[in-house]
Participant: 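The structure is given below, and queries will be raised subsequently.
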Amino acid sequence: MGYDPPLSGVRVLDLSTGPMTAVGRLLADLGADVSPVDLRGVTEQATVGPQVGGVWLGTAIDRHGMSPVVIDPTTPDGRRRWAQLLTDADVLIEDTRPGSAAEAALGVHRIHTEHPACVILSLSDFGRDTDFSHWQASTPVLHALTSELSRSGIPGREPLVPPGDRLPYQVAAAQAAVMVLSVFLDRLRTGQGDLIDFSILDGAMAALDPPFGTAGTASVGVPISAQRRDWNAERQRYPIVACKDGHVRFCLLAKRQWRGMFEWMGRPTEFADPRFDGLRERFASPTLLTAIESFCADKTRAELEIAGQRHGVPTAAVLTLDEALATEQVRERGFLRDTELAPGVIAPIPVGIAEIDGVRACALNSPADRAARPASAPVLSGRPRRDEGLPLEGLRVLDLGVIVVGSDTGRLFGDLGADVVKIENSAYPDGLRGNLKYMTQGFAAGHRNKRSIGVDLRSQPGRELAHRLVAQADVVLTNFKPGVAEALGMDHATLRTVNPGIVVVDSSAFGPTGPWAKRLGYGPLVRAAAGFTAAWVYLDDPDTFCDTVTVYPDHVCARIGTLAALALLLRRERTGTGGSVSVAQSEVMLSHLDADIAADVLQQRGHRCSDRPQHDAPWGLFPAAGADAWVAVTVRDDADWAALCATIERPDLHADPELADRAGRDRHRGRIEDAVRAWTTARCPREAMQRLQAAGVPAGAVLHAAGVPQWDYYVQRRAFREELHPHGAEPFTMENAQIHAERVADPPLGQAPLLGEQTRQIAAQLLGLSDPQIDDLLAAGVLEIAPSVDGPKVS
């Protein structure tokens, strides 16, 4: 049987333009029939660069293989065609500007009333239900308002915008696609669609580097919300050291990793004290990093990578993007394929960022024949709903995921109503847990709305119990080290014999195949190997690698895994069988640089790059009044320029013919930046932001994480909530609303469990075990319950 794209038969009308066309690309690659619609008087003509060979590459990649539809609704024929398209559509995507004539002309509320089964994704920069709906965003503004920039860069210098010119939009697109499919899956059993008010800022906050989300192990228990730019501390987290031909990055978090490094360095006496087994002690050492640097100085990146893997020390060369694309892993995985984006313009583009049943999920791989349009949910309709307004009610998910990407994938299902059962064991605890007797903010954020059962999957009785749970489940989530799922009998090949309808998601650093498949991988090492770390630097100091604190790409990879799983659940409704999903974090990251990759290759092949500057001026970060206070100010066009000049009271700049267009402003960027700097330094960041936004200029104060929940915008969007966990030292601030829609409630209030906290409950309810049977399995170590707790412990 050939490849069956999971969203085959799903019809999507996409009126969006600009960077959020990435949503349609994600759905099309999973098999949906996505039709870009140019609705005259409604649709803008925004494009995404860079522009090479006369082609806007970002737009061309997102729209490749799609058949555009042009409709003039002022004519009788146009109105008839538009009405028929809406009748036939399952999903409508639109991005009219709030308060605009286009928004009024489209009338999404009228469409929602006339076509109640359609799922409408209404995109806007700041949502449509707040006092900020008229505000406008840009990439630096989104980075600033998510608090990402408060953790990026060297103290004393301006915050450093990460690479990827539309990165916040691309991660937000993944969040939006998850919301659409979850609501659409529920529509198949209820008959009711919904109108989703999606804020791009909300999506970027959740899927890029959320300040109150799950933090990586290297945070040493310090939540992201309490972290500031600290160059010396950041260098210790995932150290990058110079070597003979460049730089390498190490992961020295676990005791065994440090022990491997210690042996590899020849057991230096200075670091033989067992206290160096502790992460805090190593971070505090004034000489350890210097010793590692000396050890690496005369060795090449390749030598260090090979030896590091041999000693159990996760090691990755810091590669440029060109070097990353030339690696044997990228070549053998076939991640890129030459594709004609326009007549005579052929460039490599990603062949999907998820594998479905071992095949890359990409429109390029989809068969010509499409399935019938889905009309019902025969499988899911048999699952009871609690009628609590959550689209995934009735689904059961077994969560074997660990660290950030593992925790977030399961949490998304739990937040949207699924019964998520975390299977774990104290012999190999989730690295996020820390001490098993108390709760940290990061674990609480990543594992809320889950139940925990302690099972020893290394034992045959434990595997048998797990398989009995699989027989009652819909989805199994894993992100083990390569080969572990197979050894535990929790891989898809095994589990489909237990439950043919099961969907199994596997996430790994570099993918399940290729020479790097078994490499140990952590997010920072993946960033190094994928060319991101080398690009996340100040241009005047290329050795300043500033990506240390961020948790990217874990959160967005969790969205990609969830999205693919939801797509397979939709396919299951028409086939009755499940499937497998594999996500390579490195490929998700490279997909966010797709247009840059294509541009570089096209220029190497002789295509002319546009003379148009990439960004208008000003475009960047400017100091404001206060300590480490900054504001992002961005001008997109002549209208923004006029508004900026009026706001900062510089009519002379607006009257200067040398600055009348984008090219002229680019030539005089320094003079313009001086003028903006003089104005921003006299004002606090929020005042500067508010005055510029009031004039229509995209601007954003660089928010520090601790202050994010109190900002009026996030308050109005119900973005955060506080909880007092019985095993936590103090109240935790948590993310809250996921979907803003009429029929969808905020996430439940289920608190993250201790290890095995619901073992007895799950064993009785789902496995049908009696109390004596549970006691026997506990005594044998096959099952585990939560350790005794005397009270809250300080983390």
Participant: Can a donor-acceptor pair be found, under 3.5 Å and without considering hydrogens, that links the side chain of Thr146 to the backbone of His143?
Facilitator: yes
Participant: I'd like to know if the side chain of Arg63 reaches the main chain of Arg25, judged simply by a donor and an acceptor atom lying under 3.5 Å from each other, with no hydrogens or angles considered.
Facilitator: no
Participant: If only side-chain N and O atoms count, and only distance matters, is there a donor-acceptor pair under 3.5 Å linking Thr21 with Asp62?
Facilitator: yes
Participant: Nearest heavy-atom pair of Cys243 and Val248: which atoms, and what distance?
Facilitator: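 Looks like SG-CG1, 4.2 Å.
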Participant: Let's go through Glu355 and Arg333 carefully: what are the C-alpha distance in whole Å and the side-chain angles of both, what is the deciding distance for salt bridge (charged side-chain N to carboxylate O under 4.0 Å, His left out) to 0.1 Å, and is it a yes or a no?
Facilitator: CA-CA 11 Å; Glu355 292 171 271; Arg333 291 269 299 158; 2.8 Å; yes
Participant: Can a donor-acceptor pair be found, under 3.5 Å and without considering hydrogens, that links the side chain of Asp408 to the backbone of Asp554?
Facilitator: no
Participant: Can you check whether Ser582's main-chain N or O pairs, donor with acceptor, with Asp506's side chain at less than 3.5 Å?
Facilitator: no
Participant: Does either side chain, that of Ser152 or that of Trp536, offer a donor lying less than 3.5 Å from an acceptor on the other one?
Facilitator: yes
Participant: Within the 3.5 Å criterion, strictly below it, is a donor on Gln51 or Ser610 matched to an acceptor on the partner's side chain?
Facilitator: yes
Participant: Checking side-chain contact (heavy atoms from CB on, under 4.5 Å) for the pair Arg519/Lys481: CA distance, chi angles, key distance, verdict?
Facilitator: CA-CA 8 Å; Arg519 274 195 182 189; Lys481 298 173 186 176; over 6 Å; no
Participant: Between Thr320 and Asp322, do the side chains contain a donor N or O and an acceptor N or O under 3.5 Å apart?
Facilitator: no
Participant: Apply side chain to side chain donor-acceptor pair (under 3.5 Å) to Gln136 and Arg636, showing your working.
Facilitator: CA-CA 11 Å; Gln136 298 174 52; Arg636 300 161 299 181; 2.6 Å; yes
Participant: For a 4.5 angstrom cut-off between non-hydrogen side-chain atoms, does Thr634 reach Val697?
Facilitator: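 Of all side-chain heavy-atom pairs linking Val697 with Thr634, none is under 4.5 Å.
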Participant: Any side-chain to backbone donor/acceptor pair from Thr59 onto Leu57? Under 3.5 Å, distance only.
Facilitator: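 Side chain of Thr59 to backbone of Leu57: no pair is present.
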Participant: Looking only at heavy atoms, which two atoms of Leu336 and Pro348 are closest? And how far apart?
Facilitator: CB-CB, 4.0 Å
Participant: Within 45° of the ring axis of Tyr538 and under 6.0 Å from its six-membered ring centre, is that where the NZ or CZ of Arg157 lies?
Facilitator: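 Yes, cation above the ring, under 6.0 Å and within 45°.
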Participant: Taking C-beta and beyond as the side chain, do Leu13 and Ile93 meet within less than 4.5 Å on heavy atoms?
Facilitator: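 They are not in contact (no side-chain heavy atoms under 4.5 Å apart), so the answer is no.
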Participant: We want to know whether His592 and Tyr169 form a side-chain donor-acceptor pair, criterion being a heavy-atom distance below 3.5 angstrom.
Facilitator: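 Absent: no donor and acceptor within the cut-off.
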Participant: In the structure I gave you, are the side-chain heavy atoms of Ile597 and Leu321 within less than 4.5 Å of one another anywhere?
Facilitator: yes
Participant: So how far is it from Asp95 CG to Leu121 CG, rounded to the nearest 0.5 Å?
Facilitator: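 One gets 9.5 Å once the value is rounded to the nearest 0.5 Å.
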Participant: Salt bridge between Glu323 and Arg301, side-chain N to carboxylate O under 4.0 Å?
Facilitator: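 Counted as a salt bridge, because a side-chain N and a carboxylate O are separated by less than 4.0 Å.
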Participant: Would you indicate whether the side-chain heavy atoms of Val48 and Arg166 approach each other to under 4.5 Å?
Facilitator: yes
Participant: Ignoring hydrogens, what is the shortest heavy-atom contact between Gly352 and Asp29? Give both atom names and the distance.
Facilitator: CA-OD2, 4.2 Å
Participant: Can you find a heavy atom in the side chain of Ser124 that is under 4.5 Å from one in the side chain of Arg97?
Facilitator: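 Side-chain contact under 4.5 Å: no.
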Participant: For the pair Asp298 and Lys244, find out whether any cationic side-chain nitrogen is under 4.0 Å from an anionic carboxylate oxygen.
Facilitator: no
Participant: Provide the closest heavy-atom pair for Gln614 versus Asp165 in the form atom of the first, atom of the second, distance.
Facilitator: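 Smallest interatomic distance, heavy atoms only, reads NE2-CG, 3.5 Å.
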Participant: Below 4.5 Å, heavy atoms only, C-beta onward: do Thr327 and Val330 meet side chain to side chain?
Facilitator: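 When only atoms from C-beta onward are counted, Val330 and Thr327 do touch, with a gap below 4.5 Å.
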Participant: Between Asp656 and Arg671, does any NZ, NE, NH1 or NH2 come within less than 4.0 Å of an OD or OE carboxylate oxygen?
Facilitator: yes
Participant: Nearest heavy-atom pair of Ala632 and Ala144: which atoms, and what distance?
Facilitator: CB-CB, 4.2 Å
Participant: Salt bridge between Asp209 and Arg151, side-chain N to carboxylate O under 4.0 Å?
Facilitator: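 A salt bridge is present here (some side-chain N lies under 4.0 Å from a carboxylate O).
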Participant: Answer yes when Arg662 and Asp638 have at least one side-chain N-carboxylate O distance shorter than 4.0 Å, and no when they do not.
Facilitator: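 Answer for the salt bridge query: no.
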Participant: Would you name the heavy atoms of Met66 and Ala28 that are closest together and state the gap between them?
Facilitator: CE-CB, 3.6 Å
Participant: Check whether the side chains of Glu94 and Thr96 place a donor and an acceptor atom closer than 3.5 Å, and report yes or no.
Facilitator: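 Result is yes, a qualifying pair exists.
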Participant: Flag the pair Asp547 and Arg249 as a salt bridge only when some basic side-chain nitrogen lies within less than 4.0 angstrom of an acidic carboxylate oxygen.
Facilitator: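 Salt bridge present between Asp547 and Arg249.
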Participant: Less than 6.0 angstrom separating the ring centers of Phe545 and His247, yes or no?
Facilitator: yes
Participant: Tell me whether the rings of Phe295 and Trp264 are parallel (<30°), tilted (30 to 60°) or perpendicular (>60°).
Facilitator: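 Correct class here is perpendicular.
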Participant: Look at Arg665 together with Glu658 and state whether they make a salt bridge at an N to O cut-off of under 4.0 Å.
Facilitator: no
Participant: Does Arg612 pair with Asp666 as a salt bridge, N-O distance under 4.0 Å?
Facilitator: no
